[in-house]
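Notes for the one structure printed next.
Chain letters run A, B, ... following the sequence lines, proteins first and then strands; every chain starts at 1.
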Amino acid sequence: MPELAEVEYYRNLWKKATGAVVKRVELNAEKRVFRKTSPGDLAKKLPGSRLIQSYTHGKQMLFGFSNHCWLGVHLGMSGSLKVEPKEYKPQKHDHLVLITSKGALVFNDPRMFGLILFEQSQELPLWWSRLPPDLMSDDFNLERLEKALKGKTAPLKALLLTQKSFPGLGNWMVDEILWQAHLKPARQCNSLKSKEKQILLERIKTICRVSVERIGQTYGDVPEGWLFHQRWSPKGKCPLHKTPLKRTVVAGRTTAWCSECQR
DNA sequence: ATAAATGTTAAGAA
DNA sequence: GTTCTTAACATTTA
């Protein structure tokens, strides 16, 4: 159930095995998560390689191994990573298990919307190059945001879910951002006033940073008073007004929002 | 039993 | 050519 903060958390789990050597690879090649890679290639080349580095960018992860092996992981809707003892036997929905000297690195994904990529190359793989600016970096600024909004008639929520411009945002983070920015999810992108754009930018950056701080290492809770704590329940209330939240489908996704404070 | 779930993308419409 | 919307993907859970 991963957006950028949860992805950071899962990356940090596997990161604990940095330095470990892959002894054996167990995978189920028929599964949909291998639809864009060659599982045979992966199973052949990864044993003997040592985990050296790991990165996240938005919802994507990249694990770098010695022998120029690169493993890309996307968790889709229901994916997760874990580290288990070396003797671990793959269980239901475990599609890839790397048995290493420091434990079993497991990729599990019941719905299989996730994705495994593999490549052996000197340089960073193609699918990792040319990534859009990280939302927490200085490269993501007001100018970028304005350019993304410009001329668009789509609802704000639809645009913020676009990974090409807002890498790492997902359903709960977008609802949180729009609620904290007092903007209606269905609001047209090109209708924002200058002040509203500034607030939107500031909320995107703060919510990303705080979420990664709270969730990225320990999967803790986000701050009291965030919409997050209310949005999952059908009885959720606006933390400000205590009035029942609206629930509508915007951009094809269930959306929780407050009709009093979001305009 | 039916619907919905923290995601992405191909296809068709505008 | 772009932008926008919807359906489809596969499985579990409420």
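Comparing dT12(C), dA10(C), dT8(B) by their closest approach to the side chain of Arg253(A) singles out dT8(B). Distance from the side chain of Thr254(A) is smallest for dA4(B) among the nucleotides dG7(B), dA4(B), dT12(C).
Checked against ring-ring contact (aromatic ring centres under 6.0 Å, His included), Phe63(A) has the following partners two or more places apart in sequence or in another chain: Trp14(A). Partners of Gln188(A) by side-chain hydrogen bond (donor to acceptor under 3.5 Å, both in side chains), not counting sequence neighbours: none found. For Glu176(A), the side-chain hydrogen bond (donor to acceptor under 3.5 Å, both in side chains) test picks out Gln180(A), with sequence neighbours left out. For the ring-ring contact (aromatic ring centres under 6.0 Å, His included) test, no residue two or more places apart in sequence or in another chain qualifies with Tyr88(A). Residues satisfying the side-chain contact (heavy atoms from CB on, under 4.5 Å) test with Lys195(A), not counting sequence neighbours, are Gln198(A), Ile199(A). Under the rule for a side-chain hydrogen bond (donor to acceptor under 3.5 Å, both in side chains), the partners of Glu213(A) that lie at least two apart in sequence or sit in another chain are Arg209(A).
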Exercise. How does DNA chain B look in dot-bracket notation if pairs are Watson-Crick or G-U with both distances under 3.5 Å, crossing ones as [ ], other-strand ones as |?
Worked result: .||||.||||||||
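Taking only side-chain nitrogens and oxygens, Arg111(A) never comes nearer than 4.0 Å to OP1 or OP2 of dC9(C). At the phosphate of dT11(C), neither OP1 nor OP2 sits under 4.0 Å from any side-chain N or O atom of His93(A). Distances shorter than 4.0 Å separate some side-chain N or O of Lys92(A) from OP1 or OP2 on dT12(C).
For the 3.5 Å distance criterion, the side chains of Trp172(A) and Glu6(A) qualify, holding a donor opposite an acceptor.
Pairs passing the salt bridge (Lys or Arg N to Asp or Glu O under 4.0 Å) check and including a residue from residues 30-47 of chain A, sequence neighbours excluded, read Asp41(A)-Lys45(A).
Counting side-chain heavy-atom gaps under 4.5 Å among Ile, Leu, Val, Met, Phe, Trp and Tyr, Val21(A) is found in no cluster with other residues.
Contacts of Gly170(A) with the nucleic acid, taken as non-hydrogen atoms under 4.0 Å apart, involve only primed sugar atoms and P, OP1 or OP2.
No donor-acceptor pair closer than 3.5 Å links the side chain of Trp179(A) to the backbone N or O of Pro239(A).
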Residues 157-166 of chain A side chain polar contacts: donor-acceptor under 3.5 Å, at least two apart:
unit_1	atom_1	unit_2	atom_2	d
Lys157(A)	NZ	Asn171(A)	OD1	2.5
Lys157(A)	NZ	Asp175(A)	OD1	2.7
Lys157(A)	NZ	Thr255(A)	OG1	3.0
Thr162(A)	OG1	Ala158(A)	O	3.2
Thr162(A)	OG1	Leu159(A)	O	3.0
Gln163(A)	OE1	Gly168(A)	N	2.9
Gln163(A)	NE2	Leu161(A)	O	3.0
Gln163(A)	NE2	Leu169(A)	O	2.9

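Of the residues in residues 142-165 of chain A, those with a non-hydrogen atom less than 4.0 angstrom from any atom of DNA chain C are Lys152(A), Thr153(A), Ala154(A), Pro155(A). Across residues 210-218 of chain A, not one residue has a non-hydrogen atom less than 4.0 Å from an atom of DNA chain B.
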